[in-house]
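Before any comments, here is the structure.
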Amino acid sequence: MKKYISRLLALVLVAAITLVGCSGSPSGMLTGNYSKDTLAVVDSLRTAILLPEDAPEKAEAQGQAREVINEFIARYRRDNSVTTLSSFTTMRTALNALAGHYSSYPNRPIPDKLKERLEQEFKQVEVAVSRGA
C-alpha cells in the first residue's frame, strides 16, 4: 500500500510540475499575435528606459523589462514566418543591446547614446510593423 501511495504522489508531483512549466507567459503580456506583441514590448521597454533613475519603481521596471525581453525572444526566435521580417531583426538588435546593458551593468543607468539608439530602433520597428514587414 505504501508503494502505491508514493507512486501516486510522484505522479501528482510530475503532473503539477508539467502544468506549471507549460503555463502561458510569465508576465502574461504576450498574446501570440506578433504585431500586437511587438508594439506592447516596445511600449513596455520605453517606459522602463524613460523612468528617472531615482524613481522608486525603476528596479521593478528593469526586472519586468528583462522578463519581457526573454519572453519575446523565446516566443518568436524559432518562428520562421517572423524571423525574416525586418521588424523582428531590428527588434532583436534593440533587445540584445538593452539586455546586454542590463547584464553587464545592472547598477548603472542606461547611457544617453544607448537610449537614443534604442528609440531610433523602436521607431523603425513600429514603422515596419505598421507596414507588415
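Looking only at side-chain heavy atoms (C-beta outward), L45 and L118 stay at 4.5 Å or farther from each other. Using a 4.5 Å heavy-atom cutoff, the side chains of T90 and F122 are not in contact. The closest side-chain heavy-atom distance from L95 to V68 is not below 4.5 Å. Proximity of V42 to V129: side-chain heavy atoms (C-beta onward) are nowhere separated by under 4.5 Å. By the 4.5 Å heavy-atom criterion applied to side chains, F72 and T38 are counted as neighbours.
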> How far apart are the C-alpha atoms of L98 and I110, what are their side-chain angles, what is the distance that settles it, and do they pass the side chain to side chain contact (heavy atoms under 4.5 Å, CB included) test?
Replying inline: CA-CA 8 Å; L98 187 56; I110 299 171; 3.7 Å; yes
> Between E121 and R117, is a salt bridge (Lys or Arg N to Asp or Glu O under 4.0 Å) present by the stated rule, with each step listed?
Replying inline: CA-CA 6 Å; E121 289 174 345; R117 178 180 156 208; 3.3 Å; yes
> Could you walk me through whether Y76 and D37 pass the side chain to side chain contact (heavy atoms under 4.5 Å, CB included) check?
Replying inline: CA-CA 10 Å; Y76 292 111; D37 289 348; 2.4 Å; yes
>> Assess the residue pair S87 and Y34 against the criterion (side chain to side chain contact (heavy atoms under 4.5 Å, CB included)); give the C-alpha distance rounded to whole Å, side-chain angles, the decisive distance to 0.1 Å, and a yes or no.
In response: CA-CA 10 Å; S87 62; Y34 172 73; 2.9 Å; yes
> Between V127 and Q124, is a side chain to side chain contact (heavy atoms under 4.5 Å, CB included) present by the stated rule, with each step listed?
Replying inline: CA-CA 5 Å; V127 168; Q124 288 176 353; 5.9 Å; no
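The backbone N or O of G100 sits nowhere less than 3.5 Å from a side-chain atom of S103 that would complete a donor-acceptor pair.
The minimum heavy-atom distance between G32 and R75, with the atom names listed, is CA-NH1, 3.3 Å.
Here the straight-line distance linking atom OG1 of T31 with atom NZ of K36 works out to 6.5 Å at 0.5 Å rounding. Distance CE/M91 to CD1/I73: 7.5 Å, rounded to 0.5 Å. Distance check: T93 OG1 to F88 CZ gives 9.5 Å after rounding to the nearest 0.5 Å. To the nearest 0.5 Å, atom NE2 of residue H101 and atom CZ of residue R108 are 8.5 Å apart.
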Could you tabulate the donor-acceptor pairs under 3.5 Å formed by side-chain atoms of residues 54-63, not counting sequence neighbours?
unit_1	atom_1	unit_2	atom_2	d
K58	NZ	A48	O	2.9
K58	NZ	L51	O	3.0

